[in-house]
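Taking it in order: structure first as structure tokens, then the write-up.
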Amino acid sequence: MSELNNIALKVIGKGKGILAADESTGTMTKRLNSVKVESSTESRLTFRETLFNSLGMKECIGGVILYDETIKQTSSKKNTIPDLISSMGSHPGIKVDTGAKILAGSPNEKITEGLDGLRERLKEYFKLGAKFTKWRGVYNISKNYPSKLSIHSNAHALARYSALVQECNMVPIVEPEVLMDGDHSSKDCYQKTSEVIKRCFEELILHKVDLKGIILKPNMILPGNKSKEKISSDEVAKLTLDCLKNSVPSDVPGIAFLSGGQSEIEATENLNLINKNNNTDFIMSYSYGRALQQSALKFWSKNIKDIEGTQNVFNHRAKMNTLAAQAKWSKELENK
Ligand code: 13P
């Protein structure tokens with residue numbers, strides 16, 4: 001088995017999942033301000049370090065995606081953040097894109113940037129201890145979108161990024177996120193997500209990316225958040241599995257979903273049903289940001305000194321998702 005495949009399996013195998021703690025400073029500031037906490041280098045580190053030191057981290061989290069600021073920070077016990085994460089039995093990872101900017105030629109859409117100088121930045125992150133990386137392409141659905149141009153250009157960037165990451169002996173997380181925003185139907189989401197993912201794999205193959213050494217991070221198939229359509233979690237699971245079975249090559253070891261604005265419980269329930277009905281060979285796990293941290297952040301903001309209490313809230317969410325990644329979750333467990 002290749003080294004990259006080993007890393008991918010350690011990150012999302014055996015029911016483990018990924019903590020996406022890679023919010024940019026701007027996004028993290030919004031999250032902290034929403035719970036009335038001032039955003040500073042210290043407050044961002046304190047909250048994150050609280051999660052990294054938790055039991056849930058040890059038992060459930062196989063990888064943590066960091067932001068540039070955090071991977072270079074030192075914990076209150078004076079070890080580096082990547083060392084702290086490794087000491088908890090997890091792999092440190094790093095977001096390496098520099099954000100989504102307006103796409104020239106289609107100004108209502110975005111193209112993710114960050115390829116210039118990427119090879120050098122990757123070397124630096126590798127030295128700091130990163131074992132995997134993340135790049136997010138973002139697509140919105142409406143009548144004429146995502147356009148062919150956005151599907152093509154984001155797939156091209158994701159593939160060039162992935163090839164550079166593997167050259168530097170790290171596992172690329174390939175994240176094409178078709179956004180939940182809008183009034184589109186689940187059928188639209190299914191069609192557009194299939195088109196986006198298929199195009200990504202065409203480019204990944206063209207760029208000679210070893211598919212056994214990547215993790216795909218897609219959205220689940222859902223109706224838009226402004227759509228009147230309501231579908232059951234069983235239907236979400238069925239549509240998501242059908243979409244991925246038809247668009248992801250079988251060499252890919254695993255899929256780790258983003259939560260994308262779903263509530264914590266929705267994200268867990270849908271993942272559980274995906275695993276219950278999983279008729280593929282793919283590992284199906286989680287790479288959640290909001291759906292892992294929301295309650296913990298809220299608790300912490302009101303009990304800023306209560307490290308253990310904050311960790312307990314996080315431990316619970318991490319455990320629920322790790323059970324869901326093994327099809328062992330049930331609603332009753334939420335209240336235990
Ligand atoms: P959410 O789970 O909050 O969607 O975040 C995942 C992520 O990493 C988005 O890039």
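It should be emphasised that the depicted structure is a prediction, and the values quoted were computed from it without experimental measurement. All ligand and atom numbering here is 1-based and tracks the order in the structure.
Taking the charged nitrogens against the carboxylate oxygens, Arg48 and Glu23 do have a contact shorter than 4.0 Å, which makes a salt bridge. By the 4.0 Å N-to-carboxylate-O rule, Lys319 lies too far from Glu59 to be salt-bridged with it. Contact check on Arg199 versus Glu202 returns a salt bridge, with a Lys/Arg side-chain nitrogen under 4.0 Å from an Asp/Glu carboxylate oxygen. A salt bridge links Lys72 to Glu124: at least one charged side-chain nitrogen sits closer than 4.0 Å to a carboxylate oxygen. A salt bridge links Glu195 with Lys148: at least one charged nitrogen is closer than 4.0 Å to a carboxylate oxygen.
Protein heavy atom closest to atom 10 (O) of ligand 1, with residue, atom name and distance, is Lys134 NZ, 2.5 Å. Of the protein's non-hydrogen atoms, Gly289 N, 3.6 Å is the one closest to atom 5 (O) of ligand 1. Nearest non-hydrogen protein atom to atom 9 (C) of ligand 1 is Glu175 OE2, 3.3 Å.
Residue contact check: Ala20 has heavy atoms under 4.0 Å from atoms 8 (O) of ligand 1. Each of the atoms 2 (O) of ligand 1 lies under 4.0 Å from some heavy atom of Tyr288.
For atom 8 (O) of ligand 1, the candidate residues are Arg136, Gln294, Lys217; the nearest heavy-atom contact is made by Lys217.
Assignment of Gly260 to the shell around ligand 1 is supported, since a heavy atom sits closer than 4.0 Å.
Using a 4.0 Å cut-off between heavy atoms, Ser259 contacts ligand 1 through both its backbone and its side chain. At a heavy-atom cutoff of 4.0 Å, ligand 1 is contacted by both the backbone and the side chain of Arg290.
Note: Tyr288 and Tyr286 have tilted aromatic rings, judged against thresholds of 30 and 60 degrees for the angle between ring planes.
Here the closest non-hydrogen pair linking Leu216 and Pro218 is O-CD, 3.4 Å.
Annotation: Glu177 places no N or O atom under 3.5 Å from an N or O atom of ligand 1; distance criterion only.
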